[in-house]
Amino acid sequence: MVRETRLDPAQFILPLFVCPGEGVRREIGAMPGNYQMSIDETVKECAEVESLGIGGVILFGLPEAKDEMASGAYDDQGIVQRAVRAIKREVKRLIVMTDVCNCEYTSHGHCGFVKDGDVDNDITLQWLAKSAVSHARAGADIVAPSDMMDGRVAAIRQALDCNGFERTPICSYAAKFASVFYGPFREAADSAPQFGDRRTYQMDPANGREAMLEIELDLQEGADMIMVKPAMPYLDLIAKARQRWDVPLAAYQVSGEYSMIIAAVRNGWLDHDRAMMESLTSIARSGAGTILTYFAKPAARLLG
Ligand code: PBG
């Protein structure tokens, strides 16, 4: 009766990894219970996700081929674009978000165009704008840029508006840290950088004030919803952002946060359901209204 924080499956977003082929459902080694799925399997998965009352999915793509120009990212016939169209034909209520980034599509695994050994911010903005428009054209409900280039929200907003997608919201990965906890994801999305790391565009985990500045800038550029990522190591920043801005606030419980819990469960060291619910409750209590989580299905079942 006096509980302050309640979880609702409608606030969960499940990340999905779409791969080429048909009938493919390949479990991700470091993320048991999560799969790379071909489009047909993804559509079935989305129908189940919707029936569990989960709010939405966010799609990541594994393209057939990668190149230096990340061509697969902004191709209208790209893997994510085709998946969105297929899902939207069959599944009507589920929110379909798309991750807007290049690292799954570049041969070198960086989030943008590489010039002289580092990512060129402003050239990358053009790729991101094109990707966001092609996702919207395919029917995406929300586009979510995760690349951390400066100025990308403004570039995407302008491109969406110029192409008739004034009403497509942007959920910006506003405070995204250069985190070790993305490790398992890079296996799932086949997006590990082939050289260097992402510290020239993602944030220093030590910088909380800078995170507030990153959020402020994204809001000024037109972000409709903001995200803090990862979630549990950054609950202080979720709480600060909640107090400071009255906009929808999301947190991403990332792959490594999920894998840590599952690994401990598999060793018999933690109870699965309690660890899952306590972690999600802490994220909601800190102030996130929307939670991107690989636990979306089991948590929804438990809440059901
Ligand atoms: C793409 C992207 C990443 C994640 C979401 N979008 C990986 C990265 O930045 O290296 C990580 C999500 C997770 O770990 O679950 N840039």
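Predicted model only: the values in this text are computed from it and were never measured. As the structure lists them, so they are numbered: ligands from 1, and atoms in each ligand from 1.
- Within the 4.5 Å cutoff, the side chain of M69 has heavy atoms near those of the W127 side chain.
- In this structure, H110 and Y201 have perpendicular ring planes: the angle between them is above 60°, well past the 30° mark.
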(message) Pair N34, S255 - check side-chain contact (heavy atoms from CB on, under 4.5 Å), show working.
(response) CA-CA 10 Å; N34 286 270; S255 56; over 6 Å; no
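- Seen from the ring of Y252, K176 does not count as a face-on cation partner, given the 6.0 Å and 45° thresholds.
- Between K229 and E214 there is no salt bridge, since no side-chain N of the basic residue sits under 4.0 Å from a carboxylate O of the acidic one.
- Enumerated by chain and number, the residues approaching ligand 1 to less than 4.0 Å through a heavy atom are F60, D99, C101, C103, C111, S146, K176, F181, Y182, F185, R186, R198, Q202, K229, Y252, V254, S255, Y294.
- For K92 and E50, the salt-bridge test fails: no basic side-chain N is under 4.0 Å from an acidic carboxylate O.
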